[in-house]
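Below, chains carry the letters A, B, ... as their sequence lines are ordered, and counting in each starts from 1. Values below: every heavy atom of this structure, side chains too, minus hydrogens, waters and symmetry copies.
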Amino acid sequence: MSRVLSEQEKFRREALKELHKRGIDPFPPEAFERTTNAKEIKERFDSHPAEFEEVKIAGRLMSRRIMGKASFAEIQDQSGRIQVYFNRDEICEGEDKSLYNDVFKKLLDIGDIIGIEGKVFKTQVGETSVEVKSFKLLSKALRPLPIVKTDKEGQAHDAFNDPEQRYRQRYVDLIVNPQVRDTFIKRTKVINSMREFFNSKGYLEVETPILQPIPGGAAARPFITHHNSLNTDLYLRIANELYLKRLIVGGYEGVYEFAKDFRNEGMDRTHNPEFTVMEIYVAYKDYNWMMDFTEELLEKVSTDVLGTSEVQFQDNKINFKAPYRRVPIFDAIKEFTGHDLTDKNEDEIRDICKELKVEVDDSMGRGKLIDEVFGEYCEKHFIQPTFITDYPIEMSPLCKKHRENPNLTERFELMVNGKEVANAYTELNDPIDQLERFQEQLKLSEKGDDEAMFIDQDFVRALEYGMPPTSGMGIGIDRLVMFLTNNVSIQEVLFFPQMKPEAKKVELTDSEKVILEILKGESEIELHELKEKAGLSNKQWDKGMKGLNQKSLAKVEVEGEKKKVVLLN
RNA sequence: GACUUGCUAGCUCAGCUGGUAGAGCACAUCCCUUUUAAGGAUGGGGUCCUGGGUUCGAACCCCAGGCAAGUCACCA
C-alpha cells in the first residue's frame, strides 16, 4: 500500500506526469558537464568578466521569485548559492512561450536539480547573477524542502532545527543548513591534516581487525556478535591498540590507524556507540617525545582547519599553540583538593574520598579511586590544553612503569576544556610485566569490575619476541572536531548519529480491520448496520472509518435518507 | 536506567478554563520585465505522536506506550 501523499507531494507528482507528457525526462541519464560553480562565479566575475560570457552550472533550485515575464531564482551547488535570472523572451525565442510559462513556472519546484547555460551579469542591485539562455531539468524533487530564509543580518528564519528530523534526515539538514555542511568539511580537513602530518614523517597508515576474538586495548563493554561458519563469538573492537603494537613487534617503526571503535554503553552528548579514534605508535620514542609530537600535531591541525591556533569554544577561547602545560596527576589532585595521595594506600584513599564526598564502592581499586577524585575535583579546571601525566599503575595496565617511581606509569592524557582528548603511553614492552598486569585486571574483574581488561595471551606472546621501546597515542577524533567546530554535541559531528529506529506505521489499525472484515462479507452495507455489527466505541468507529476513507478502502455514499458504506477495489 | 520537557499543515510555531483547529513561510490560481528573509489578491492543505479512558463534547484532563532533547546515573 502506498503512502498517503500530502497536497504538495501530489502537485509535484502531477508535474512529473505533465513533464513526461511533454517529452521531458525528469530523470535524464546523460552527464551534464559544468564549466564553473557558484563560488567561482561570485569570486572571479568582477576581476575576470570575460571568462563568464558562457557558463554551464548545475545545482538545486533553492528559491524562486516569479514576476510576470521575468524571474529570479537561486541555484545551490556544493560551493554555495548563485542567483539566476530567467527572462521569458530569452528562453523562448519564438511565439511559443510554454517553456517559461509552463515548464519553468509550473512544472519546476524548489528542490529540483537543474542545469543552466547562460551568461554572468550584475543586476541593478549589484548581485552577481547568471542570465539563463537555456535550462534543463536534471532531477525532479518529489518532496518539498523546508524553506530557510536568511536576512541581511544573517538571521535565519524558520530554520530547520528539530534535532530528531535533522539527524534522521541528515540529507535534508545538509541541503538547507550550510553551517552543517561546513562542520563536516572541517571534520574531513582535520583527518586530512593529521594524515598529512603522519605521512610526512614516514609513518604507515594501516588497517586492523574490527571483529576481534578478544576485545582488548581498553576498558569498556563490547558489542558481541557471532560468526556462523567459524561458529565463534566475536566482538566489535573497543580499541585497536594491541593490534597496532603487534605491528611494531613485526618491525614497522611507525603505524597509525583512523579507527571506528564500538562501545556498548550509555549515549549522551559526548558518547555515541560507534566513534572514531586515531591511534599512532612510534618505535624508539617515549611519552615525553609524544607530548612534543602531540602539541605540534594539534597546532598544525587547528591552523590547517581554521587558519589559527585560537579556537572559540562556547565561552572559552582555547589556544592550541604549543607548548602545553604538563602536570602530574598527583600534583593536580593536591592543587585542587589539598590532599597528597602519592604514598597513600587504597584504604587511606578510600577514606579521603569519603571526606571529599566522592562516591565510591568496594569494587573500586586504588587506581579507580584516584581517577574518581581527579574527575570530580580537577578535570574541569583544565580549559587550555594540558598534559596530565604519571598516572598510578593500577589505572594503566598497558603502560610502562615510570622510570623514577614504580607505582606510577609513563602515561599522559591531554585535557582540553575539561575533557580528555588524547591518551598516550610509553608502551609496556616487558612481556612478564604485561602478563602480571593482565592478571591484576583479572582480579579486579573477579572483584566485580565489569570492565577490567581481558587477558590476551597472543599479545603477550608477541611481546615475548621483543617489541622495541615505543610510545603510542590515541586521539578522540569526534571530540577534537567538536572543539574545532564549537559543537557541544557529538551528534553534530557525526553524519548519522545512532538513533532508535522510527516507529513503523501500521498498515491497518485494529478498528479499521474490524470494519473491513464486515465489509468484505457484504461489499456494501447501510451505515448504521455496519456500525452496530462492528460493535466499536464511538471514538474507535470514527477513527476507523476516517482511516479507511483516507486509505481509499471504503467510502460512504449518501442516497437521500440512506447512507451506505461501499468497499472500494 | 531515573527525572524533566517536547511531539499540532511540507517547515517554524500559536492554540486561554475542555466547546467549529490557527499564523508566517512553503503550495495552488490570477496580475506583475532587475527582485532579494517578504510585490499584490484569492484559495487549498491536518492521523493535533500512538492506543485506551473520563466527558454531551478532548489538541487540551487521566492511564499506558513510542520517539527526541536536556539533566543525572553509568561510562573515557
Side-chain angles (χ1 to χ4, degrees), chain A residues 4-12 14-15 63-74 81 83 85-90 100 105-106 109-111 121-127 129 131 141-168 172 176 218-221 238-239 261 263-271 273 275 277 359 371 375 379 395 413 415 419-423 450-451 474 476 479 488-489 491 497 499-506 509-512 537-540 542-544 546-547 549-551:
Chain A
V4 177
L5 297 178
S6 70
E7 188 191 35
Q8 292 195 44
E9 287 175 295
K10 284 177 190 155
F11 280 123
R12 286 175 183 237
E14 273 164 33
S63 73
R64 287 199 297 175
R65 294 178 284 278
I66 293 176
M67 314 162 297
K69 294 170 199 151
S71 301
F72 287 94
E74 281 173 295
R81 284 191 192 188
Q83 178 169 271
Y85 173 69
F86 285 83
N87 182 305
R88 188 189 70 184
D89 299 324
E90 279 292 331
Y100 180 80
K105 277 167 72 172
K106 298 197 174 149
D109 290 288
I110 288 176
F121 75 111
K122 283 255 186 208
T123 65
Q124 288 180 356
V125 199
E127 178 93 11
S129 308
E131 182 174 354
L142 294 181
R143 286 183 190 246
L145 281 176
I147 306 290
V148 181
K149 298 196 175 180
T150 310
D151 65 23
K152 283 183 190 108
E153 285 82 46
Q155 280 285 313
H157 296 258
D158 301 330
F160 178 61
N161 57 12
D162 174 46
E164 180 168 3
Q165 293 207 75
R166 287 183 47 234
Y167 302 153
R168 287 199 197 280
V172 176
V176 303
R221 224 170 314 152
I238 55 173
D261 288 348
R263 296 186 184 177
N264 201 347
E265 286 163 354
M267 293 167 62
D268 58 32
R269 38 179 209 157
T270 54
H271 296 86
F275 59 100
V277 173
E359 274 187 48
D371 192 31
E379 217 171 49
M395 291 171 67
E413 288 196 354
M415 310 297 300
K419 294 263 155 45
E420 179 206 335
V421 167
N423 182 19
D450 59 357
E451 344 184 294
R479 286 195 186 169
V488 291
S489 165
Q491 297 159 105
M499 299 194 115
K500 281 208 185 187
E502 291 175 86
K504 251 194 193 161
K505 297 252 160 132
V506 285
T509 66
D510 289 347
S511 337
E512 286 168 6
S537 75
N538 276 339
K539 193 185 262 181
Q540 287 170 324
D542 283 346
K543 285 215 171 191
K546 201 175 168 190
N549 202 4
Q550 208 155 34
K551 287 166 187 161

Student: Can you identify which nucleotide, out of B:A68, B:A73, B:U12, has its nearest atom closest to the A:Asp268 side chain?
Tutor: B:A73
Student: Under 4.0 Å from OP1 or OP2 of B:U36: is there any side-chain N or O of A:Gln124 that close?
Tutor: no
Student: Is there a Watson-Crick or G-U wobble partner for B:U54 with both distances under 3.5 Å, and which nucleotide is it?
Tutor: none
Student: Please report the distance, rounded to the nearest Å, between NE2 in A:His157 and P in B:C25.
Tutor: 12 Å
Student: Within the pair A:Gln8 and B:G45, is there a side-chain N or O less than 4.0 Å away from OP1 or OP2?
Tutor: no
Student: Side chain of A:Glu127: nearest nucleotide among B:A68, B:U36, B:U12?
Tutor: B:U36
Student: Counting heavy atoms not belonging to A:Lys419, are there more than 12 under 6.0 Å from its NZ?
Tutor: no
Student: Between atom OH of A:Tyr167 and atom CD of A:Gln491, what is the distance when rounded to the nearest 0.5 Å?
Tutor: 4.5 Å
Student: Distance check needed: B:U36 C1' versus A:Phe121 CZ, whole Å only.
Tutor: 13 Å
Student: Given B:U34, is OP1 or OP2 found less than 4.0 Å from the side-chain N or O atoms of A:Gln83?
Tutor: no
Student: Between B:G43 and B:G24, how far is it from one P atom to the other, in whole Å?
Tutor: 12 Å
Student: Please determine, for the side chain of A:Lys152, which listed nucleotide (B:A37, B:C75, B:A68) has the closest atom?
Tutor: B:A37
Student: Measure CD/A:Glu164 against C1'/B:U5 and give the value in whole Å, please.
Tutor: 14 Å
Student: Would you mind reading off the distance between A:Ile147 atom CD1 and B:A9 atom P, rounded to a whole angstrom?
Tutor: 16 Å
Student: Take atom C1' in B:C61 and the same atom in B:C16, then report the distance between them in whole Å.
Tutor: 15 Å
Student: If I take atom CG in residue A:Asp158 and atom C1' in nucleotide B:A14, what distance separates them, rounded to the nearest angstrom?
Tutor: 13 Å
Student: For nucleotides 38-42 of chain B, give me every protein contact, N/O to N/O, under 3.5 Å, one pair per line with atom names.
Tutor:
{"unit_1": "B:A38", "atom_1": "OP1", "unit_2": "A:Lys149", "atom_2": "NZ", "d": "2.7"}

Student: Just checking, is any N or O donor in the side chain of A:Gln8 or A:Ser6 under 3.5 Å from an acceptor N or O on the other one?
Tutor: no
Student: How many angstroms lie between atom CD of A:Gln155 and atom OG1 of A:Thr150, to the nearest 0.5 angstrom?
Tutor: 9.5 Å
Student: For A:Phe275 and A:Glu74, find the nucleotide of RNA chain B closest to each by heavy atoms; which residue's nucleotide sits nearer the 5' end?
Tutor: A:Glu74
Student: For B:G44, give the paired nucleotide (Watson-Crick: N1-N3 plus N6-O4 or O6-N4; G-U: N1-O2 and O6-N3; both under 3.5 Å), or none.
Tutor: none
Student: Report yes if at least one side-chain N or O of A:Lys106 is closer than 4.0 Å to OP1 or OP2 of B:A28; otherwise report no.
Tutor: no
Student: Going through the checks in order, is the side chain to side chain contact (heavy atoms under 4.5 Å, CB included) test met by A:Tyr85 and A:Thr123?
Tutor: CA-CA 9 Å; A:Tyr85 173 69; A:Thr123 65; 6.0 Å; no
Student: When all nucleic acid strands are considered with a 4.0 Å heavy-atom cut-off, which category describes A:Phe72: base, sugar-phosphate, or nothing?
Tutor: base
Student: Just the rounded figure in Å: distance from C1' of B:C49 to NZ of A:Lys500.
Tutor: 15 Å
Student: Can you check the A:Arg64 CZ to B:A37 C1' distance for me, whole Å?
Tutor: 18 Å
Student: When we call it a touch if two heavy atoms are under 4.0 Å apart, what does A:Tyr85 touch: a base, just sugar-phosphate, or nothing?
Tutor: base
Student: Quick one: is B:G70 close enough that its OP1 or OP2 comes under 4.0 Å of any side-chain N or O from A:Arg269?
Tutor: no
Student: Write down the partner of B:U36 under the Watson-Crick or G-U wobble criteria, each distance required to be under 3.5 Å.
Tutor: none
Student: Pick the closest RNA chain B nucleotide for A:Pro146 and for A:Glu413 by heavy atoms, then say which residue is nearer the 5' end.
Tutor: A:Pro146
Student: How long is the gap from CG on A:Asp109 to CZ on A:Arg64, to the nearest 0.5 Å?
Tutor: 6.0 Å
Student: Of the nucleotides B:G10, B:A69, B:U33, which has the atom closest to the A:Ser6 side chain?
Tutor: B:G10
Student: Consider the side chain of A:Val125, meaning its heavy atoms from C-beta on, and name the nucleotide among B:G70, B:U35, B:A26 that approaches it most closely.
Tutor: B:U35
Student: Which is true for A:Arg263 with a 4.0 Å heavy-atom rule: it touches a base, it touches only sugar-phosphate, or it touches nothing?
Tutor: sugar-phosphate
Student: Is it the case that more than 12 heavy atoms not belonging to A:Arg65 sit under 6.0 Å from its CZ atom?
Tutor: yes
Student: What is the distance from NZ of A:Lys105 to P of B:C31, rounded to the nearest Å?
Tutor: 7 Å
Student: Pairing check on B:U4: which nucleotide meets the Watson-Crick or G-U wobble criteria with it, both distances under 3.5 Å?
Tutor: B:A69
Student: Suppose we define a pair by two distances each less than 3.5 Å, Watson-Crick or G-U wobble; what does B:A26 pair with here?
Tutor: none
Student: Has the side chain of A:Arg12 got a donor or acceptor atom that lies under 3.5 Å from a matching backbone atom of A:Ala141?
Tutor: yes
Student: Rounded to the nearest 0.5 Å, how far apart are CZ of A:Arg263 and NE2 of A:His271?
Tutor: 8.5 Å
